[in-house]
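Accompanying notes for the structure given below.
Just so it is clear: chains get the letters A, B, ... in the order the sequence lines come, proteins before strands, and each one is counted from 1. In this text, all values refer to a predicted model and were calculated from it rather than measured experimentally.
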2 protein chains.
Amino acid sequence: MSVVLDRTDRAILKELQEDGSISNLDLSKKIGLSPSACLSRTKNLVETGVIQKFAAIVDEKKAGLEVLAFVLVNLSPLNRDTLRSFLSEVQKYPQVQECYTLTGSHDYLLKIVAKDIESYKNFIIDSLMQNTTISSVETSMVMGIEKRTVNVPIDA
Amino acid sequence: MSVVLDRTDRAILKELQEDGSISNLDLSKKIGLSPSACLSRTKNLVETGVIQKFAAIVDEKKAGLEVLAFVLVNLSPLNRDTLRSFLSEVQKYPQVQECYTLTGSHDYLLKIVAKDIESYKNFIIDSLMQNTTISSVETSMVMGIEKRTVNVPIDA
DNA sequence: CTTGAAAGAGACACGTC
DNA sequence: GACGTGTCTCTTTCAAG
């Protein structure tokens, strides 16, 4: 599953996580490699899937999404069918940005964005909780984003 | 704070969130716009900060990071000084990918990545909890990632 | 892995409608 | 805004050391 990365690969990853639109020429200069070698390494990182893709990182607030919330969800009954139907719901809604299975007393953690409180409430009640298998929903609103990185700590 | 986006802007954002390395020429074809108009819109989205940046999205597991965890933290005492020193710690460690202030009974939610359980434990004890203002740490390990999108739901 | 070179494509600024 | 043109830079691929 995991891919062996040497010092140079890690330098490339670090740089491309910070600036994915850097040209191959500038990148090669920054990490001290020839452009052709740099390009072949970058392509290899994409082919092996270490780099999943390149993407524009959008500022939610500037795009008009004021609400960010974490929601702990329990299903009842919790079985293969309710689980599968819940997850297919989750996949459908773009408001659900992330969904994790956790250890502990809750079945799922969701990260949800919405235009405002109103549309958040509507989404939870009219869309998500229409899924009758949900037994409890525990919302924590995000009041402040203190840190947000897409970067993976390559060194650690 | 928020920026007015018309239908075309939203189409551009949607596309660039899915593929940030698409050429301006291909992008303009996809959304039905002339290349120059498309380019000026994209640049405008970057200048207004709607697009924060372009970045390579890295697969944590392939980069050798097996552990993903959410941690609820309380500070004690909670005041301006402890808060500030805690947040400066959080900024320092690349293991902390995200940090939010939440409503509810906990002061902060952290998203943390690590190479394995061992290094996760070491990070919490040796690095994070060295910060003596932390009164409680509640870890939830991620067992499965059911959904993960960098995309912001532009339509909602 | 590096260097060098050649060809193709896209970015970008211009003027025009 | 859209469109067209031109220039300039980067990418990409090839070779050879």
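Using a cut-off of 4.0 Å between Lys/Arg side-chain N and Asp/Glu carboxylate O, K53(A) and D19(B) are scored as not salt-bridged. Electrostatic pairing of E60(B) and R148(B) counts as a salt bridge here, judged by a charged N lying under 4.0 Å from a carboxylate O.
Without hydrogens or angle criteria, T82(A) side chain to P77(A) main chain gives a donor-acceptor distance under 3.5 Å. In this structure, the side chain of K147(A) engages the main chain of Q91(B) through a donor-acceptor pair within 3.5 Å. Panel note: side chain K111(B), backbone A69(B); no donor-acceptor pair is recorded below 3.5 Å. When atom types are taken as modelled, the side chain of S28(B) and the backbone of C38(B) share no donor-acceptor pair closer than 3.5 angstrom. Looking at N24(B), its side chain does come within 3.5 Å of a backbone N or O of L39(B) through a donor-acceptor pair.
For the ring-ring contact (aromatic ring centres under 6.0 Å, His included) condition, the pairs that include at least one residue of residues 48-76 of chain A, sequence neighbours left out, are F70(A)-Y100(B).
Rounded to whole angstrom, the span from the NZ atom of K30(B) across to the C1' atom of dG10(C) amounts to 17 Å. Separating the CD1 atom of I31(B) from the C1' atom of dG1(D) is a distance of 13 Å, rounded to the nearest angstrom. Atom CG of D6(A) is separated from atom C1' of dC1(C) by 12 Å (rounded to the nearest Å). For the pair L25(A) CG and dT11(D) P, the computed distance is 6 Å after rounding to whole Å. What separates NZ of K29(A) from P of dT11(D) is a distance of 10 Å, to the nearest Å. Put simply, CZ on F54(A) is 14 Å from C1' on dT11(D), counting in whole angstrom units. Taking atom CG on L39(B) and atom P on dC8(D), their separation rounds to 18 Å, with Å as the unit. Atom CG in L27(B) sits roughly 13 Å away from atom P in dG10(C) (whole-Å rounding).
Remark: the separation of the C1' atoms in dG8(C) and dA16(D) is 22 Å, to the nearest Å.
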Show each protein N/O and nucleotides 2-7 of chain D N/O combination with a separation under 3.5 Å, one pair to a line.
unit_1: dC3(D); atom_1: N4; unit_2: S36(B); atom_2: OG; d: 3.3

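Remark: DNA chain C takes part in the stems C:1-7 with D:11-17, C:9-17 with D:1-9, each of 3 or more antiparallel Watson-Crick or G-U pairs, criterion distances under 3.5 Å.
The shortest distance between the side-chain N/O atoms of K43(B) and the OP1/OP2 oxygens of dA13(C) is below 4.0 Å.
Note that OG1 of T133(B) and CG of D107(B) are 9.5 Å apart. Values are rounded to the nearest 0.5 Å.
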